[in-house]
Amino acid sequence: MDFLVLSYRLLLLAVKHYGYCFLCFSDYCINKDLIDVFFILRHDVEKNYTRALQFAQIEHSLGIQGSYYFRITRHYDEEIIKQIAVLGHEIGYHYDDLSACKGDRKKAIIRFQYNLEKLRQIAPVKTIVMEGAPRSRYDNKDLWQTHNYRDYGIIGEPYFDVNFDEVFYLTDTGRRWDGWQVSVRDKVPQQEQWRKDGLVYHKTKDIIIAIESGTFPRQVMITVHPQRWHSAFLPWCKELLMQNAKNVVKRIIVR
């Protein structure tokens, strides 16, 4: 069984044991030329804030800091965000404004500013990351074709500010580590070359084996969706079935 909370902890332990420096994304934006071996730990939180807090606590217990990006939805839980910030993790905005406003950029930038300030009442917010919105015709990154996020005190957005020719990218999109093949927007052009180079990992244990063998890249960004990971059997099965159904729809959209 994969995508267990225990599997995630074992992954962190392997990364730490083999000499990677864990970075928040804002740390990378400021110090990317000063560190040779690093692991940017990014979390996209759309729901299940309790699981996000559990991950933040696990990381804190291991002396690890990461970046947590929150959408402002009905699941929004200010108290849990505060707890995660107190543990030393970076808080960022997981923006979905253009898709939420159905492509209206004037409304979208107003919404972006409002939600950004809402999060900044809890913790400093220096970085953002788009929400993929696979069922929407609008790509949230396109908001920056007519606006500049740096005007709002933002120093980085991964899809614009990471050099993926140097930084290897993994995401658990699709509840698998090679899910970029069925992802609508959570992907980068370099992934096809990585596939040709054999840098493809399906299960968490595949990543751990590569780290232990010394074949895993030395500069990495990883995206984790905490709601996809479980400890109990029934929620694990429910997530597996629902995500497999979503992947079928995503394949159709991608094609």
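Other residues, nucleotides and ligands contribute over 12 non-hydrogen atoms within 6.0 Å of the CZ atom of F160. In this structure, K118 places its NZ atom where more than 12 heavy-atom neighbours from other residues, nucleotides or ligands lie under 6.0 Å away.
Not counting sequence neighbours, E212 has no partner by the salt bridge (charged side-chain N to carboxylate O under 4.0 Å, His left out) test. Under the ring-ring contact (aromatic ring centres under 6.0 Å, His included) criterion, Y69 pairs with no residue at all, not counting sequence neighbours. Residues that satisfy the side chain to side chain contact (heavy atoms under 4.5 Å, CB included) test with D151, not counting sequence neighbours, are N148. Residues passing the salt bridge (charged side-chain N to carboxylate O under 4.0 Å, His left out) test with R51: none are found, sequence neighbours excluded. The salt bridge (charged side-chain N to carboxylate O under 4.0 Å, His left out) check on D44 picks up R42, with sequence neighbours excluded. Not a single salt bridge (charged side-chain N to carboxylate O under 4.0 Å, His left out) links R218 to another residue, sequence neighbours left out.
The six-membered or imidazole ring of F216 lies away from that of Y18, with a centre-to-centre distance of 6.0 Å or more. Between F112 and Y152, a ring centre-to-centre spacing shorter than 6.0 Å is recorded. You'll find the ring centres of W144 and Y159 outside the 6.0 Å limit.
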Please determine whether side-chain hydrogen bond (donor to acceptor under 3.5 Å, both in side chains) holds for the pair H147 and Q113, giving the CA-CA distance in whole Å, both sets of side-chain angles, and the decisive distance to 0.1 Å. CA-CA 12 Å; H147 297 84; Q113 294 178 73; over 6 Å; no
Show, in sequence, the C-alpha distance, side-chain angles and deciding distance for L11 and I211, and conclude whether the side-chain contact (heavy atoms from CB on, under 4.5 Å) test is met. CA-CA 9 Å; L11 173 62; I211 292 171; 4.1 Å; yes
After noting the C-alpha distance and the side-chain angles of D161 and Y149, does the key distance pass the side-chain hydrogen bond (donor to acceptor under 3.5 Å, both in side chains) rule? CA-CA 12 Å; D161 296 300; Y149 49 78; 2.6 Å; yes
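Side-chain contact check for S99 and E131: no donor-acceptor pair (N or O, by modelled atom type) lies under 3.5 Å. Judged purely by distance below 3.5 Å, without hydrogens or angles, the side chains of N115 and Y93 pair a donor atom with an acceptor atom. A donor-acceptor pair shorter than 3.5 Å cannot be found between the side chains of H75 and Q227. Using modelled atom types and a 3.5 Å distance limit, the side chains of D2 and W177 yield no donor-acceptor pair. Side chains of Y68 and E59: a donor on one and an acceptor on the other come within 3.5 Å.
Taking every heavy atom of both residues into account, I91 and A85 meet most closely at CG1-CB, 3.8 Å. Contact record, Y138 with L98: CB-O, 4.3 Å, taken as the closest heavy-atom pair.
Side chain of E78 to main chain of I122: no donor-acceptor pair is present (N/O by atom type, distance under 3.5 Å, no hydrogens or angles).
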